[in-house]
Amino acid sequence: MTQPITYELLHVDKNSGARRGVIHTPHGDIQTPVFMPVGTQGTVKAMTTDELKDMVHAQIILANTYHLFLRPGHKLIKEAGGLHKFMNWDRAILTDSGGFQVFSLGALRKITEEGVEFRSHLDGSKQFISPEVSIEIQEALGSDIMMAFDECCPYPSSYEYTKKSMERTTRWAARCKEAQTTENQGLFGIIQGGFFEDLRRISANDLKQMDFPGYAIGGISVGEPKEEFLKMLRFTTPLMPENKPRYLMGVGTPDYLIEAAISGIDMCDCVLPTRIARHGTAMTSHGKLVVRNATYERDFTPIDDECDCYTCKNYTRAYIRHLLNAKEILGVRLLSIHNLRFLTKLMESVRIEIERDNLLNFRDEFYKKYGYIK
RNA sequence: GGGUAGGUGGUCGAGUGGUUAAUGGCACCAGACUGUAAAUCUGGCGACGAGAGUCUACGUUGGUUCGAAUCCAACCCUGCCCA
């Protein structure tokens, strides 16, 4: 069968080693490195799909297996014609497997070799997700890229626990691959191993044997110090195949995204831009800006004077602060548009700078203005 | 004019003799947020002080008491009812 997800390497930055490429999917090409907005429940919170295309220029978005399984149910979405049709999005979709919920719903789940029993955060009911169930759900959703069902370990975790967990994740990955029945979806393996280099190496090697069309790094950016993050990122990325997409899960902040690209990552996703937008904070070229704060009460300038987004072209800090203060939905919407566009724009710049072999200089310039965050 | 209920910190509103600078909500101020249990959560919120602490406060004035937002008196003001 022809592989539905393929990676084409266009250029490698001679100075940083960063990759400029294209991922071909059944729902269009993705220019990489790419930032993928997260739309857990079949919606990037507060955004219409037209806004995601026209204002944010999103090439691909995420959705979540666990959440859509609980509500409205994957069968309903299949009945609707799949998630693309259900949510009116004709570009690529990547679905997370529910693996992150094994981590984030720590208190509400029980892990066994067979799978994970969750207490639904919605109604407390018992739910069970195994590698096979996760794939069944993701196939029903019809995403372009499915993720293997994994466990994302908390930070810190002991060597013993991390090792057991990683080995189980590897066995689960094999079961996911075995369970897949569709030919128009690509299943990515997830490298785990916490903050232990030998475990990362084992995980990467074992998963490579299974020949997935793409690989992800999971289990970092879970609250560790930045040095730890960078160390693990720089150690793990070179272990990933060069001819396939490399996806760093759950990142993030502008500085992390640039570092990821430099180390050779092609894809990143994060809830941060939309979440902090809802909480009143903007990402800007000069660092983060808490628009809620009283300092901006009479600031009639845009969120970011260097931004080309709809929000920055049309609205002021003072107005957005007022909307947030008055709890008007528009404030959250405008900030979400801005934050998402800020990151997709950042990645556009990253792609251009890679082509010019100039990403390292770009990073230095960016940090000068943005502030290097430890 | 008579009766009645009441006047508490930005606001609404608890508190009816001491451990009360005074519960709580809201407003306000700040912080956190990284494969979304998140339009959420945490903290602050009389003044001065880095702090220990000091001072000023529960309509006003006076009183009772070791001690008063809490009890008493007069006055001022507000709501409601009657004339």
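So that the names make sense, note that chain A is the first sequence line, chain B the second, and so on, each numbered from 1.
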K.L.:
Starting the side chain at C-beta, find the nucleotide from G35(B), A38(B), C33(B) nearest to D269(A).
P.N.:
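Selected nucleotide: G35(B).
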K.L.:
R321(A) near the nucleic acid: base, sugar-phosphate alone, or nothing, with a heavy-atom cut-off under 4.0 Å?
P.N.:
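Sugar-phosphate contact only.
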K.L.:
Can you tell me, in whole Å, how much space there is between the P of U8(B) and that of U56(B)?
P.N.:
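That atom pair is separated by 22 Å.
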K.L.:
Heavy atoms only, 4.0 Å cut-off, all strands: where does G219(A) land among base, sugar-phosphate and nothing?
P.N.:
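The answer is base, as G219(A) lies within the cut-off (heavy atoms under 4.0 Å) of a base atom.
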K.L.:
Whether K226(A) contacts U34(B) is assessed here as follows: a side-chain N or O lying under 4.0 Å from the phosphate OP1 or OP2. Is that the case?
P.N.:
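Checking K226(A) against U34(B): no side-chain N or O falls below 4.0 Å of OP1 or OP2.
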K.L.:
Under 4.0 Å between a side-chain N/O of T40(A) and OP1 or OP2 of U36(B), yes or no?
P.N.:
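Yes.
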K.L.:
With a 3.5 Å limit on both atom pairs, tell me what A57(B) is paired to, counting Watson-Crick and G-U wobble, or say none.
P.N.:
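In the structure as shown, A57(B) has no Watson-Crick or wobble partner.
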K.L.:
Between Y367(A) and Y370(A), is the gap from one ring center to the other below 6.0 Å?
P.N.:
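No - the distance between ring centres of Y367(A) and Y370(A) does not fall below the 6.0 Å cut-off.
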K.L.:
How far does the P atom of C71(B) sit from the matching atom of G15(B), given to the nearest Å?
P.N.:
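Rounded to whole Å, the distance is 12 Å.
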K.L.:
For S104(A) and U36(B), is the shortest distance between a side-chain N/O and OP1 or OP2 below 4.0 Å?
P.N.:
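No, because none of the side-chain N or O atoms of S104(A) sits under 4.0 Å from OP1 or OP2 of U36(B).
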K.L.:
With distance as the sole criterion, do the side chain of R275(A) and the base of A38(B) form a donor-acceptor contact below 3.5 Å?
P.N.:
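Result: at least one qualifying N/O pair found.
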K.L.:
Tell me what V332(A) touches on the nucleic acid: a base, only sugar-phosphate, or nothing, going by heavy atoms under 4.0 Å.
P.N.:
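If one applies the 4.0 Å heavy-atom cut-off, V332(A) turns out to touch nothing in the nucleic acid.
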K.L.:
Of all the nucleotides listed (A30(B), U34(B), A32(B)), which has the minimum atom distance to the side chain of V251(A)?
P.N.:
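Ranking A30(B), U34(B), A32(B) by closest atom to the V251(A) side chain puts U34(B) first.
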K.L.:
Under a plain distance cut-off of 3.5 Å, with no hydrogens placed, do N361(A) and D364(A) share a side-chain donor-acceptor pair?
P.N.:
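N361(A) and D364(A) do not have a side-chain donor-acceptor pair below 3.5 Å.
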K.L.:
Looking only at atom C1', what distance separates U54(B) and G49(B), rounded to whole Å?
P.N.:
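Pairwise C1' distance, U54(B) against G49(B), rounds to 9 Å.
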K.L.:
Considering only atom C1', compute the distance from A57(B) to A68(B) and round it to an integer number of Å.
P.N.:
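Roughly 13 Å separates the two C1' atoms.
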K.L.:
With heavy atoms under 4.0 Å as the rule, sort I190(A) into base, sugar-phosphate or nothing.
P.N.:
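The answer is base, as I190(A) lies within the cut-off (heavy atoms under 4.0 Å) of a base atom.
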K.L.:
Roughly how far apart, to the nearest Å, are G24(B) and A37(B) at atom P?
P.N.:
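Between the two P atoms, the distance is 31 Å.
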K.L.:
Check every strand shown and say whether L324(A) touches a base, only sugar-phosphate, or nothing at a heavy-atom separation below 4.0 Å.
P.N.:
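Since no nucleic acid heavy atom lies under 4.0 Å of L324(A), the category is nothing.
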K.L.:
So what's A32(B) paired with, Watson-Crick or G-U wobble, going by both distances under 3.5 Å?
P.N.:
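Paired with U40(B).
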K.L.:
Check the distance between G35(B)'s P and K45(A)'s NZ and give it to me in whole angstrom.
P.N.:
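Between P of G35(B) and NZ of K45(A): 12 Å.
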K.L.:
So what's G18(B) paired with, Watson-Crick or G-U wobble, going by both distances under 3.5 Å?
P.N.:
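Because both required distances fall under 3.5 Å, G18(B) counts as paired with C66(B).
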K.L.:
Look at all strands and tell whether Q101(A) reaches a base, only sugar-phosphate, or nothing, counting heavy atoms closer than 4.0 Å.
P.N.:
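Sugar-phosphate, backbone atoms only, no base.
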K.L.:
Measuring only the C1' atom in each nucleotide, how far is U19(B) from G67(B)? A whole number of Å is fine.
P.N.:
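To the nearest whole Å, 13 Å.
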K.L.:
Among U36(B), U34(B), C28(B), which is the nearest nucleotide to the side chain of N325(A)?
P.N.:
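The answer is C28(B), which lies nearest to the side chain.
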K.L.:
Let me know the distance between CG of L105(A) and P of A37(B), rounded to the nearest Å.
P.N.:
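Going from CG in L105(A) over to P in A37(B) covers 6 Å.
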K.L.:
Could you give the CE-to-P distance, from M146(A) to G35(B), as a whole number of Å?
P.N.:
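Computing the M146(A):CE to G35(B):P distance gives 22 Å.
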K.L.:
Do any N or O atoms from the side chain of D144(A) and from the backbone of I93(A) form a donor-acceptor pair under 3.5 angstrom?
P.N.:
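Checking the backbone N and O of I93(A) against the side chain of D144(A), a donor-acceptor pair under 3.5 Å is found.
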K.L.:
Hunt down the Watson-Crick or G-U wobble partner of A5(B), both distances under 3.5 Å, from any strand shown, or write none.
P.N.:
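Pairing partner: U78(B).
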K.L.:
Can you tell me how the ring of F342(A) sits relative to the ring of F366(A), calling it parallel under 30°, perpendicular over 60° and tilted otherwise?
P.N.:
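It falls in the tilted class, 30° to 60°.
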K.L.:
For G13(B) versus G6(B), give the span between their P atoms, rounded off to a whole number of Å.
P.N.:
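Straight-line distance between the two P atoms is 13 Å.
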K.L.:
Please report, rounded to the nearest Å, how far the C1' atom of G35(B) is from the CE atom of M36(A).
P.N.:
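Computing the M36(A):CE to G35(B):C1' distance gives 8 Å.
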K.L.:
Between atom NE2 in H121(A) and atom C1' in U40(B), what is the gap in whole Å?
P.N.:
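In whole Å, U40(B) C1' and H121(A) NE2 are 13 Å from each other.
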K.L.:
I'd like the C1' distance from C82(B) over to A69(B), given in whole Å.
P.N.:
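Going atom to atom, C1' in each nucleotide, I get 33 Å.
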K.L.:
Could you state the interatomic distance from CZ (R278(A)) to CG (L324(A)), rounded to the nearest 0.5 Å?
P.N.:
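With rounding to 0.5 Å, CZ (R278(A)) is 12.5 Å from CG (L324(A)).
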K.L.:
Would you say the ring centroid of Y256(A) lies under 6.0 angstrom from that of F229(A)?
P.N.:
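Yes; F229(A) has its ring centre under 6.0 Å from that of Y256(A).
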K.L.:
Could you check whether Y215(A) and Y247(A) have their ring centres less than 6.0 Å apart?
P.N.:
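Between Y247(A) and Y215(A), the centre distance exceeds or equals 6.0 Å.
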K.L.:
Send over the distance from L108(A) CG to U36(B) C1', rounded to a whole Å.
P.N.:
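About 14 Å, once rounded to whole Å.
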K.L.:
May I ask you to say what E328(A) touches in the nucleic acid, namely base, sugar-phosphate or nothing, with a heavy-atom cut-off under 4.0 Å?
P.N.:
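No contact at all - E328(A) keeps every heavy atom at 4.0 Å or more from the nucleic acid.
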K.L.:
Out of A30(B), U36(B), A37(B), which has the shortest distance to the side chain of N293(A)?
P.N.:
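The listed nucleotide nearest to N293(A)'s side chain is A30(B).
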K.L.:
Taking CE from M249(A) and C1' from G35(B), how many angstroms apart are they, rounded to a whole number?
P.N.:
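The answer, rounded to whole Å, is 4 Å.
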K.L.:
Base, sugar-phosphate, or nothing: which does L62(A) touch, judged by heavy atoms less than 4.0 Å apart?
P.N.:
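Sugar-phosphate contact only.
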K.L.:
Using the rule for Phe, Tyr, His and the six-membered ring of Trp, do H279(A) and U40(B) stack at under 5.5 Å and under 30°?
P.N.:
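Yes; by the centre-distance and plane-angle rule, H279(A) counts as stacking on U40(B).
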K.L.:
Any N or O donor-acceptor pair linking the side chain of N64(A) to the base of G35(B) at under 3.5 Å?
P.N.:
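Result: no qualifying N/O pair found.
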K.L.:
Using the ring centroid of each side chain, check whether H74(A) and F86(A) are separated by less than 6.0 Å.
P.N.:
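No, the ring centres sit 6.0 Å or more apart.
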K.L.:
Please report, rounded to the nearest Å, how far the P atom of U34(B) is from the CZ atom of R278(A).
P.N.:
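One finds 12 Å between P of U34(B) and CZ of R278(A), rounded.
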